[in-house]
Amino acid sequence: MKLTLDPGAAALLDALHTAGYAAYAVGGCLRDSLLGRTAHDWDLCTSALPQQVMELFGTEQCIPTGLQHGTVTIKYGGQLYETTTFRTEGSYTDGRHPDEVQFVLDVREDLARRDFTINAMAYNEAEGLVDPFGGQADLQNGLLRAVGEPQQRFTEDALRILRLYRFAARFGFALDVATARAARQLAPHLDCISAERIQEELAKLLAAPQPGAYLEPAVLAVVLPELTPESLTAAKPVVDACPAGEENLPVRWAALLGTLGEADIRRVLKRLRCSNACIEETAVLVRETAEQGVCGSFLLGHESGHSIARPTACGSRVPPQRTVLGETPAHAGEVAIRRLLGRYGLCTVERLCALCAALRPQAAPACALAAQRARQLEADGVCCRVSQLAVNGRDLMAAGIPAGPALRRVLEALLDGVIRAEYPNEKPALLTAAQKIIAS
């Protein structure tokens, strides 16, 4: 077995070997390389003690990341390489961190403390792959299995339970029976994990290609107790139908938690320490797809006085818009798309379309057309916002309209008229319309 090492990792291993120390690339970089994926973070392990690593590479090149646990980060070639002394670990009183570590000389002892077999492999060019727990075979068989006794692994660090499902979802692996059973049994121990770490693992899980099968009810009951088993079951296919990737997390959160309603979703995501941007975007998606929102309006080509016709955006009040009864469905859909673009921007509209398609698979073609039309409108610079009008507040004041709330109302009415094609987005026409609006 010969793997291509990252050049920086290879150089550091050579330096350690030349100095008389055992050293290997270890963990996720090997897992990803064996799967044919690009490995981004190359971690090293060595028999050298932290102080010896720092003496070998110099204090300017080393960051004492976690000396008490044997970890030094080496700067080399513009990259960072986390380098940890072979170690075993003592008891985990807090269910998260070892009370003490003991440095050892054998890499196999170090690998024995790791979480899953696919992460418990080491490699250097001289010895090849060191794989005492069958990680390579598990990779080939698409199996995720704990190193040693699963109960012990999860009792040591409950976060490994979430990591189990996150890794399985990322790679589409099956779960070893004993490992999955221990994870379900010990799921209540997740109550000792910080909200930030839970959110981080859930986010990575939700970003996976098809995470639905890995949303384990016993685990979600602990980390998302607000979500009923029935709601979770209903949400799984919707989550899977949403686009994957970290950039689509608000869509996946909305699909998972949509039954809670906007207010409860805000509370849940705030408790999980999600970013304000993620919370706001998820809340918008839920609000606009609830009941007779977006799904029942522009995607199906009609609008009749629901949330699209009565917008509220990001905490700021927007005057009620007139309904478009009597207009053609195509025109009503165009109006609604332009309003959404003006209110939220292209990214949110695309996410709304994706979520609607997942919620209503039969409307997926209409969703795709709506997203395509939104992109075209944005690319063409079609007027969807007050800032895109051919007149501004100064123009209206020069025409005799006083500053203040009335000015804003006129601008919004002008935008509404332009969007509805009642008059063109041209300065003379808008000034004439403004006088009619202020006089009415």
Side-chain angles (χ1 to χ4, degrees), residues 1-89 96-98 100-111 113-116 118-131 135 157 159 163 166-167 170 194 196-197 200-201 203-204 207 246-247 275:
M1 169 59 63
K2 185 170 180 63
L3 296 174
T4 301
L5 292 172
D6 168 82
L12 294 177
L13 291 178
D14 285 345
L16 286 162
H17 291 151
T18 300
Y21 302 112
Y24 305 83
V26 68
C29 57
L30 302 182
R31 177 199 66 221
D32 292 345
S33 295
L34 289 168
L35 287 171
R37 297 173 178 235
T38 301
H40 297 288
D41 296 319
W42 285 80
D43 294 337
L44 310 179
C45 62
T46 178
S47 61
L49 296 174
Q51 192 58 42
Q52 292 171 324
V53 172
M54 296 183 72
E55 289 173 359
L56 178 61
F57 294 103
T59 54
E60 290 187 3
Q61 198 175 345
C62 295
I63 305 170
T65 316
L67 295 182
Q68 71 276 23
H69 294 123
T71 302
V72 174
T73 299
I74 304 173
K75 296 179 284 186
Y76 187 89
Q79 303 294 321
L80 298 176
Y81 298 87
E82 193 172 275
T83 305
T84 302
T85 304
F86 302 154
R87 74 189 196 203
T88 59
E89 298 172 342
R96 180 70 187 94
H97 306 96
E100 60 181 0
V101 301
Q102 182 176 351
F103 298 135
V104 295
L105 295 175
D106 188 348
V107 68
R108 289 162 181 77
E109 291 187 71
D110 181 89
L111 296 176
R113 70 176 173 83
R114 296 176 182 261
D115 52 7
F116 308 114
I118 64 171
N119 297 330
M121 295 178 283
Y123 177 86
N124 64 33
E125 291 185 346
E127 297 176 56
L129 190 68
V130 180
D131 181 19
D157 182 358
L159 187 65
R163 285 169 57 85
R166 186 250 288 187
F167 279 124
R170 176 184 174 189
S194 71
E196 290 86 353
R197 295 309 303 272
E200 181 181 334
E201 291 296 328
K204 291 177 180 177
E246 187 178 347
E247 68 277 11
S275 69

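Only a predicted model underlies this, so the values are computations on that prediction, with no experimental measurement involved.
Annotation: side-chain hydrogen bond (donor to acceptor under 3.5 Å, both in side chains) contacts of Tyr81 (sequence neighbours excluded): Asp6. Every residue two or more places apart in sequence or in another chain was checked for a side-chain hydrogen bond (donor to acceptor under 3.5 Å, both in side chains) with Ser275, and none qualifies.
Using modelled atom types, no side-chain atom of Thr83 and backbone atom of Thr73 make a donor-acceptor pair closer than 3.5 Å. Checking side-chain atoms of Lys75 against main-chain N and O of Glu60 turns up a donor-acceptor pair under 3.5 Å. Checked by atom type and distance alone, the side chain of Ser47 pairs as donor or acceptor with a backbone atom of Ala22 at under 3.5 Å. Of the possible donor and acceptor atoms, none in the side chain of Asn119 sits under 3.5 Å from a partner among the backbone N and O of Arg31. No donor-acceptor distance shorter than 3.5 angstrom exists from the side chain of Thr65 to the backbone of Val72, with no hydrogens or angles considered.
Counting non-hydrogen atoms of other residues, nucleotides and ligands closer than 6.0 Å to CG of Leu105 gives a total of 12 or fewer. Counting heavy-atom neighbours within 6.0 Å of Asp41 CG, excluding the residue itself, gives a total of 12 or less.
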- prompt: Please walk me through it: do His17 and Asn124 pass side chain to side chain contact (heavy atoms under 4.5 Å, CB included)?
  reply: CA-CA 10 Å; His17 291 151; Asn124 64 33; 3.7 Å; yes
field: side chain to side chain contact (heavy atoms under 4.5 Å, CB included) between Arg108 and Val130, intermediate numbers included
entry: CA-CA 8 Å; Arg108 289 162 181 77; Val130 180; 3.8 Å; yes
Side chain to side chain contact (heavy atoms under 4.5 Å, CB included) between Leu80 and Ile63, intermediate numbers included: CA-CA 9 Å; Leu80 298 176; Ile63 305 170; 4.3 Å; yes
task: Could you check Thr84 against Asp43 for side chain to side chain contact (heavy atoms under 4.5 Å, CB included), going step by step and ending with a plain yes or no?
output: CA-CA 8 Å; Thr84 302; Asp43 294 337; over 6 Å; no
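In this structure, the separation between CG on Asp32 and CH2 on Trp42 is 9.0 Å, given to the nearest 0.5 Å. Here the CD atom belonging to Gln79 is positioned 11.0 Å from the NE2 atom belonging to His40, to the nearest 0.5 angstrom. Of the inter-residue distances, the one linking Leu35 atom CG with Leu30 atom CG reads 11.0 Å to the nearest 0.5 angstrom. From Leu111, atom CG reaches atom CD of Glu109 across 10.5 Å, with rounding to the nearest 0.5 Å.
Nearest approach of Leu67 to Pro50, heavy atoms of both residues: CD2-CB, 3.8 Å. What you find for Asp110 and Arg87 is that their closest heavy atoms are OD1-N, 3.0 Å. The minimum heavy-atom distance linking Val26 with Cys45 is given by the pair CB-SG, 3.8 Å. Glu125 and Leu5 get closest at one heavy-atom pair: CG-CD1, 4.0 Å. Here the closest non-hydrogen pair linking Glu246 and Ala207 is N-CB, 3.8 Å. Nearest heavy-atom pair, Val53 versus Ala48, reported as atom, atom and distance to 0.1 Å: CG2-CB, 3.8 Å.
Looking at Ile74 and Gln61, their side chains come closer than 4.5 Å, going by heavy atoms from C-beta outward. Counting only heavy atoms from C-beta outward, the side chains of Ser33 and Thr4 never approach each other to under 4.5 Å. Tyr21 places none of its side-chain heavy atoms less than 4.5 Å from the side chain of Phe86. The closest side-chain heavy-atom distance from Cys29 to Tyr123 is not below 4.5 Å. Looking only at side-chain heavy atoms (C-beta outward), Gln52 and Thr46 stay at 4.5 Å or farther from each other.
Aromatic ring orientation, Phe116 versus Phe167: perpendicular (interplanar angle above 60°, classes split at 30° and 60°).
Ion pairing of Arg113 with Asp157 is absent here, as no side-chain N (NZ or NE/NH1/NH2) approaches a carboxylate O to less than 4.0 Å.
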